[in-house]
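Before any comments, here is the structure.
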Amino acid sequence: MDDEQRYQAAVSKDPRFDGVFFIAVTSTGIYCRPSCPAITPKREHMRYYRSAAAAQEAGFRACKRCRPDASPGSPEWNIRADVVGRAMRLIADGVVDRDGVEGLAGRLGYEQRQVRRLVTAELGAGPLAIARAQRAQTARVLTETTTLPLSEIAFAAGFASIRQFNSTIREVFAVTPSQLRDRAARGRRAPRARRAAVLAGPLSDPAAPGLIRLKLPYRPPIDTGRMLRFLAARAIPGVESAADGCYRRTLLLPNGTGILSLSLAAARPAASGGTGYLDCELQLEDLRDLTAAVQRCRRLLDLDADPQAVTASLAASGPVLGPLAAASPGRRVPGHVDGTEVAVRAVLGQQVSVAAARRLGARLVAAYGKPLERPDGTLTHCFPAAETLAAADPAALPMPRPRAAALTGLAAALASGDLSLDPGADRDQAEERLLALPGIGPWTAAYIRMRALSDPDAFLPADAGVLGALARLGALADGAGGPAGRPKAARQAADLAERWRPWRSYAVQHLWAYLEESTS
C-alpha cells in the first residue's frame with residue numbers, strides 16, 4: 001500500500017486494515033487503528049507505520065479508544081514465505097522472549113545482524129522492539145484480567161525487571177500499571193465503559209489461578225459452524241472435545257501445559273460492524289506461556305486471515321469454485337496448535353477414514369500421551385511429544401508395520417531437529433524433507449503444509465475429497481473418475497487449481513465442505 005491508499009482506508013474507517021498498518025498523529029502523540037472511531041485528523045498530521053512497535057519506537061502511545069495493540073494480526077505474515085514473514089511468525093510465538101534474537105536467527109538460519117536489518121527495513125522496528133510491543137500487550141491482558149501482583153505480571157509477560165515493565169507500560173499506554181488495572185476495574189463496573197472494554201479484549205475470573213478469559217479479534221466474516229464441525233469430527237478423546245458450540249483441548253507449551261476453550265458458537269462482530277471477537281478461556285500452568293497460547297489459538301482458527309480478499313479472488317476464479325466461495329465468504333483454513341501433532345496425525349490418517357484416524361489417535365494418546373496433573377473433565381492428556389514417539393517400538397504401535405515405521409521415522413526427524421514444523425519453518429524446505437522420509441507421500445506433505453505451517457496456498461490434487469467434489473461439480477473430464485482414472489483426475493485438479501492461487505488451501509476447504517453437504 002502507498003500513503004494515498006492508507007489515507008483512504010483511514011478516511012473510510014475500513015476495519016479490514018486493522019493490524020495491517022497503524023496511523024500515528026503528530027498533533028496528539030498517539031497511534032490508532034485505521035478504523036478508529038475518532039475524528040480523522042488532518043492529513044499533514046498523519047504518519048503511517050507497518051507495526052505498532054515502529055509507532056512506539058517513534059514516540060507515539062496507544063490510543064485508549066480504539067486499542068490498536070488489540071488489532072487482529074496482519075494477514076501478510078501467513079502469506080509470505082520469506083525471512084521476514086517467517087521471523088514475524090516466530091516473534092508472535094514468543095521465540096524472542098524465550099531465546100532472544102540469537103535464538104530467532106538460529107531458527108531462521110541467518111546471522112543476527114542480517115535478521116535485524118531485514119526486519120527493521122520492512123517494519124521500521126527490529127525484532128527486540130516488536131517483541132517488546134508484544135510483551136506490553138501481554139502485560140496489559142494480565143494486568144486487566146487477573147489479580148496477580150504486578151511484580152509477578154512483569155516477569156510472566158517476559159520483562160527482565162520491574163523497572164522495565166513500569167517504564168514500558170507508561171510509554172506505550174500513557175498510564176502506570178496500577179492505573180491500568182484501576183481503569184479496567186472501573187470499566188467492569190460501568191456498563192458503558194464495559195462495552196468500550198470489549199475492544200481491549202479481556203474479561204477474567206480473578207478467583208481462579210492460571211485462568212484467563214479474553215477475546216480474540218478477527219476480521220469478519222467467519223464461518224465458525226464449519227470450523228467447529230471440522231474440529232469435532234477429528235477430536236481425539238482425552239486431548240480434545242467439542243460440544244455445545246465450544247471446542248476445548250489440551251496444550252503442551254514451552255513452560256508447561258494448558259487447556260484452551262474456544263466459544264465458536266458465540267462469534268460476533270463489534271457493534272460498529274468492524275472487528276469481530278471470539279471468547280477464549282486459557283488455563284495455564286505457567287503464565288509465561290500466555291503469548292504462545294494466544295498465538296496458537298489464532299493459528300488454529302486462522303484468525304489473522306483477510307476473508308474478503310480471499311473470497312474476492314476465489315469468487316472471480318470461474319464457475320467451478322466461484323459460486324462456492326461467494327456462498328461461504330467466511331470460510332477459514334483450520335490450522336493447529338502444534339506442528340508435531342498435526343504431522344503425526346496426518347500419518348495416522350493415511351488410507352483410513354477420519355473416524356478410524358481418530359480412534360488410532362486415542363489409542364496412541366492413551367499409551368504415550370503426557371497425563372495432565374489436573375485433568376479437566378474429559379481432557380486428561382497432552383498429545384505425545386516427538387521424543388516419546390521416536391523412542392517407541394514400531395511393533396507396539398496400533399497400526400500396520402509400514403505406517404508405524406513411517407510414524408517413528410517422522411518423530412525421530414522432528415525430535416532431532418532435522419525437520420522443523422514450527423511457525424517460522426521454511427515451507428519448501430520442510431516439504432522437501434518430509435518427502436525424503438519413508439512412508440511420507442505428496443498428500444501427507446501437502447496436508448502438513450496446509451495445517452501445520454498455515455500455508456494459504458497448499459493443494460492436495462489426489463485427495464479423495466477434492467476429486468469427489470470436483471466430480472460432483474462436473475469439473476473433471478469423462479473417464480477421470482474411479483481408482484483407474486485417479487492419476488488423470490489428479491492432473492486435471494492440479495491444472496484447475498492454478499487459477500485459485502495463492503488461496504488453494506481455502507479452495508480445498510470449500511471443496512471438502514461442498515462434498516460433505518452434498519452427501520449428507
Side-chain angles (χ1 to χ4, degrees), residues 218 220-235 240-247 262-268 276 278 300-303 305 307-336 342 345-346 349 352-358 443 446-447 450-451 456-477 480-483 485-486 489-490 492-494 496-497 499-500 503-520:
Y218 66 88
I222 185 169
D223 185 356
T224 53
R226 159 67 183 167
M227 182 73 73
L228 184 61
R229 290 191 297 273
F230 183 95
L231 296 174
R234 293 159 178 78
E240 302 169 281
S241 70
D244 301 323
C246 183
Y247 171 76
L262 295 164
S263 299
L264 297 183
R268 55 189 181 274
L278 280 172
L300 172 68
L301 302 181
D302 195 18
L303 294 184
Q308 294 189 41
V310 175
T311 299
S313 177
L314 294 179
S317 66
V320 176
L321 201 69
L324 301 182
S328 302
R331 187 136 294 154
R332 309 281 174 128
V333 178
H336 217 277
V342 76
R345 293 173 66 162
V352 299
S353 67
V354 170
R358 182 183 178 186
W443 181 92
Y447 183 84
M450 178 174 65
R451 293 200 61 202
D457 197 36
F459 191 65
L460 291 69
D463 179 77
V466 167
L467 296 180
L470 291 175
R472 282 181 172 268
L473 290 166
L476 300 179
R486 180 70 61 84
Q492 291 180 19
L496 184 63
R499 69 188 67 179
W500 302 331
W503 310 115
R504 291 183 299 170
S505 294
Y506 293 86
V508 170
Q509 296 301 320
H510 280 293
L511 293 172
W512 282 351
Y514 169 77
L515 185 64
E516 292 169 7
E517 293 163 2
S518 62
T519 56
S520 61

| query | Hey, does R332 have a side-chain heavy atom less than 4.5 Å from the side chain of P307? | reply | yes

| message | Whether the D457 and Y506 side chains hold a donor-acceptor pair (N or O, under 3.5 Å, no angle test) is what I'd like checked. | response | no

| said: Quick check for you: to the nearest 0.5 Å, what is the distance between Q509 atom CD and L314 atom CG? | reply: 12.0 Å

| Are L301 and L264 side-chain neighbours, meaning at least one heavy-atom pair lies under 4.5 Å? | yes

| task | If a pair satisfies salt bridge (Lys or Arg N to Asp or Glu O under 4.0 Å) and one of its residues is in residues 510-519, list it, with sequence neighbours excluded. | result | R226-E516

| field | Geometric class of the W500/F459 ring pair [parallel <30°, tilted 30-60°, perpendicular >60°] | value | perpendicular

| request: Measure the shortest side-chain to side-chain distance between L231 and M227 over non-hydrogen atoms and say whether it is less than 4.5 angstrom. | output: yes

| request: Taking the side chain as every heavy atom from C-beta outward, state whether L303 and L278 have any atom pair closer than 4.5 Å. | output: yes

| message | My understanding is that only residues two or more places apart in sequence, or in another chain, count here; which of them pass ring-ring contact (aromatic ring centres under 6.0 Å, His included) with Y247? | response | none

| request: Give the intermediate values and the outcome of side-chain contact (heavy atoms from CB on, under 4.5 Å) for residues R358 and R234. | output: CA-CA 6 Å; R358 182 183 178 186; R234 293 159 178 78; over 6 Å; no

| note | Distance col, row L473:CG vs L496:CG, nearest 0.5 angstrom, shows 9.5 Å

| said: Are T519 and R472 packed together at the side-chain level, in the sense that at least one heavy-atom pair is separated by less than 4.5 angstrom? | reply: yes

| task | Would you give the length of the straight line joining atom CG of D302 to atom CG of D223, rounded to the nearest 0.5 angstrom? | result | 12.0 Å

| query | Which heavy-atom pair separates A497 from R504 by the least distance, and what is that distance? | reply | O-CD, 3.4 Å

| field | P220 vs Y218 side-chain heavy atoms within contact, under 4.5 Å | value | yes

| request: Answer whether the closest heavy-atom distance between the side chains of L511 and L321 falls below 4.5 Å. | output: yes

| task | Determine whether L515 and V466 make a side-chain contact, defined as any pair of heavy atoms from C-beta on separated by less than 4.5 Å. | result | no

| remark: Between R331 and A513, the two heavy atoms sitting closest are NH1-CB, 3.2 Å

| remark: Looking only at heavy atoms, the pair that brings G245 and L228 closest together is CA-CD2, 3.6 Å

